[in-house]
Structures are given as structure tokens and as C-alpha cells.
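The structure appears below as C-alpha cells.
What you are looking at is a predicted structure, and each value in this text was computed from that prediction instead of being measured. Values below: all heavy atoms of this structure, side chains included; hydrogens, waters and symmetry mates excluded.
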Amino acid sequence: MFKKQSESKNIFLKRQFLKAFKILPIPDGNFYTQNFSTVSNYQSGTEIELTFRKNTQIAIVGVVRDAGKWHPSIYDYSVEALGCTWYFGFISGRCGFVPADCFDVDTKPAESETLSMGRFLTMRRKFSEWTKRSFPPLSDRLVKVIGDGVQKVINVSEVADAARVIRQFFRRRSTILPEDVQWFLREVSDDKTVNVLLSAEVVIAKRMNAWGKCQKRMHFEVEEKVMAC
């Protein structure tokens, strides 16, 4: 009986945690990571948490503030729930919240590293999925497009798909494009951790909205593919 009551209480608390979590904004800005080794095991109870064993290396996401000091939080405040502070971290390709008491953050690790664009976009898309919210639209949709030895800055409309952006890129060219070549658009980060081939129907503005305040670290590349005869 006691065990069932404890389990019911734990389920209730986890539901409250999820309810509180869903009001958090999608994180945006410049983030940095530091690697810490866990001091205990942890079994997640929700989709937004990570499961791990003791001595697991986890990259904790944080911000730099207070005269350049790294702080383990994805907001300007700490995430508190269930009587605990929660950090956000990555284990290989997985990401999620982890209890702060599973780490000793007073142990000085190596210097913090800039969060890669690949992980930045993974984090933001996970939050969008978990909270069922869309990314706020960018106020500036000017984007760098590179291809065929040329670099241009293009103003992307709200409804433009990849095919339209490619047409914009080649507009006013003096040379005639060969008919046996098909052109594709890639979403690429400057640090090369994002490299996604987009279908012609993808709405580019929606892809760009995920970039948030880090849009200057992203661009598109036009690539050609010669069609078989």
C-alpha cells in the first residue's frame, strides 16, 4: 500500500513538473557548454529528462554572465521544480533536463565551449516539440546564399520555398543554366555541425525561424546535380 501511494505521489509530482515546464520560453541566445561527470545514477520519469549512470559525462548548457563567468542555466534565472534545480544537458545525440544534485559544479572543468549550431537547433526544436509552440518569426529574413562560386544576400519572403530561393539566387545571371543540371538548397552552419539537404517544397522562413538570435551563424548553399542521360 505504501509503495503504491509513493508511486502515485511521484506520478503527480512529475505531471506538475511537466505542466510548469510547458510555460518556459524556447531558449534563445548565445550558449556555452562545460562537461561534468555525474556523481549518481538517475532514471528519468518524463520525456524532457535524461537517464544516466554515475560517472557519465554530460555537456551542461549555460550562459556567460557576471564578468565572464559561466553559469549553468539556459535562462537568466534558474529552473526550479520538485524541490530541485534543473540543468539542461547533452549526452551524445540526446538532450534534456537533469537534476543539479547529480553534479558537482564547484569542480572546475575545462574552459567552456560555444554550443554548436547543431546542438543549438536540436535544443530549440526539442523545446518546440515538448511545449507544442512555434518559433517566433525573425524580424530580419536577409540570408547569405552561396553557390557556383558566387555569394549573395537574399531577402526571403514568408512563404518562399527552397525552389523559389534558388530562382532568386540565379536571377539576372548573364549565363544560361544547363538544362541537364538540377539545383538543390542546403541549410548549413558556419561551424559545419548543420548540413541538411532541403526538399524543394520546404518553406525557408520556417527553417530560419529556428535559428533565432544565432541566424548570423547560418547560411544556405546551392548545389548542382547533373542528371543522368
Side-chain angles (χ1 to χ4, degrees), residues 18-19 21-33 46-48 50 59 61 63 74-76 79 88-90 92-97 114-148 150-173 177 181-225:
L18 282 173
K19 184 177 179 180
F21 166 82
K22 290 183 184 297
I23 67 173
L24 292 174
I26 297 174
D28 196 4
N30 296 314
F31 296 103
Y32 303 84
T33 61
T46 66
E47 62 179 337
I48 67 173
L50 288 175
V61 182
V63 293
I74 52 177
Y75 303 108
D76 290 331
V79 177
F88 193 86
F90 284 85
S92 300
R94 298 181 293 125
C95 65
F97 280 96
T114 301
L115 181 68
S116 72
M117 277 305 299
R119 284 184 165 182
F120 175 77
L121 292 181
T122 296
M123 176 175 68
R124 280 175 57 80
R125 286 176 177 137
K126 277 294 185 183
F127 267 79
S128 178
E129 174 189 329
W130 292 333
T131 61
K132 311 299 182 187
R133 279 183 282 157
S134 301
F135 301 113
L138 295 178
S139 58
D140 177 7
R141 287 196 294 269
L142 290 173
V143 63
K144 181 170 61 178
V145 183
I146 303 170
D148 201 29
V150 178
Q151 176 177 306
K152 292 184 178 182
V153 175
I154 292 176
N155 190 8
V156 177
S157 73
E158 186 177 356
V159 296
D161 57 20
R164 182 171 176 179
V165 171
I166 292 172
R167 290 196 297 271
Q168 283 182 265
F169 179 78
F170 286 115
R171 190 174 296 166
R172 299 190 184 91
R173 278 184 63 125
L177 297 176
V181 172
Q182 189 172 0
W183 300 91
F184 297 91
L185 198 65
R186 281 190 180 274
E187 179 184 26
V188 183
S189 62
D190 294 344
D191 65 5
K192 306 302 181 184
T193 58
V194 178
N195 191 326
V196 182
L197 182 65
L198 305 176
S199 66
E201 300 80 17
V202 169
V203 178
I204 296 304
K206 290 185 178 180
R207 298 291 300 187
M208 292 177 62
N209 289 343
W211 300 353
K213 295 179 181 178
C214 290
Q215 69 180 110
K216 298 299 184 183
R217 297 169 59 189
M218 297 290 295
H219 64 274
F220 292 108
E221 294 182 5
V222 176
E223 67 176 43
E224 62 179 284
K225 179 180 180 181

From [X] atom [atom1] to [Y] atom [atom2], the distance as rounded to the nearest 0.5 Å:
X    : Y    : atom1 : atom2 : result
E223 : R186 : CD    : CZ    : 4.0 Å
L197 : L185 : CG    : CG    : 8.5 Å
T114 : F31  : OG1   : CZ    : 12.0 Å
Q151 : K144 : CD    : NZ    : 5.0 Å
C214 : D28  : SG    : CG    : 6.5 Å

Could you check if a side-chain atom of [X] sits within less than 4.5 angstrom of a side-chain atom of [Y], using non-hydrogen atoms only?
X    : Y    : answer
M123 : P27  : yes
M218 : V188 : no
L115 : V61  : yes

Compile the donor-acceptor pairs under 3.5 Å between side chains in residues 155-165 and protein atoms, sequence neighbours left out, one pair per line.
| unit_1 | atom_1 | unit_2 | atom_2 | d |
| --- | --- | --- | --- | --- |
| S157 | OG | A160 | N | 3.2 |
| D161 | OD1 | A163 | N | 3.3 |
| D161 | OD1 | R164 | N | 2.8 |

Practice task
Can you sort out the partners of D190 under salt bridge (charged side-chain N to carboxylate O under 4.0 Å, His left out), two or more places apart, ordered by chain and number?
Solution key: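 Salt bridge (charged side-chain N to carboxylate O under 4.0 Å, His left out) check on D190 returns nothing, list empty.
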Exercise for the section: Mind checking salt bridge (charged side-chain N to carboxylate O under 4.0 Å, His left out) for R207 and listing every partner two or more places apart, or none if nothing turns up? Expected result: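 R207 satisfies salt bridge (charged side-chain N to carboxylate O under 4.0 Å, His left out) with E187 only.
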For [X] and [Y], which heavy atoms make the closest approach, and how far apart are they?
X    : Y    : answer
S189 : M117 : CB-CB, 3.6 Å
S116 : D191 : CA-OD2, 3.5 Å
S128 : F135 : CB-CZ, 3.8 Å
W183 : V222 : CE3-CG1, 3.5 Å
K216 : D140 : NZ-OD2, 4.4 Å
F120 : A210 : CE2-O, 4.1 Å

Does [X] reach the main-chain N or O of [Y] with its side chain, forming a donor-acceptor pair under 3.5 Å?
X    : Y    : answer
K22  : W130 : yes
R124 : N209 : yes
Y75  : L24  : no

Handout entry: With F220, the ring-ring contact (aromatic ring centres under 6.0 Å, His included) member among F169, W211, F184
Key =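 Only one of F169, W211, F184 forms a ring-ring contact (aromatic ring centres under 6.0 Å, His included) with F220, namely W211.
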Exercise for the section: Verify the neighbour count for atom CG of N195: are there more than 12 heavy atoms of other residues, nucleotides or ligands below 6.0 Å? Expected result: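 More than 12 within 6.0 Å, yes.
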Handout entry: side-chain contact (heavy atoms from CB on, under 4.5 Å) between I26 and K126, intermediate numbers included
Key = CA-CA 9 Å; I26 297 174; K126 277 294 185 183; over 6 Å; no
Practice task
Under the side-chain contact (heavy atoms from CB on, under 4.5 Å) rule, what do R94 and L50 come out as? Steps first, then yes or no, please.
Solution key: CA-CA 8 Å; R94 298 181 293 125; L50 288 175; 3.8 Å; yes
Handout entry: V145 vs H219, side-chain contact (heavy atoms from CB on, under 4.5 Å): CA-CA, chis, key distance, verdict
Key = CA-CA 6 Å; V145 183; H219 64 274; over 6 Å; no
Exercise for the section: Look at the rings of F88 and F127 and say which category their plane angle falls in: under 30° parallel, 30 to 60° tilted, over 60° perpendicular. Expected result: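 Ring orientation of F88 relative to F127: tilted.
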Problem - Residues V143, V153; criterion side-chain contact (heavy atoms from CB on, under 4.5 Å); working and verdict - result: CA-CA 5 Å; V143 63; V153 175; over 6 Å; no
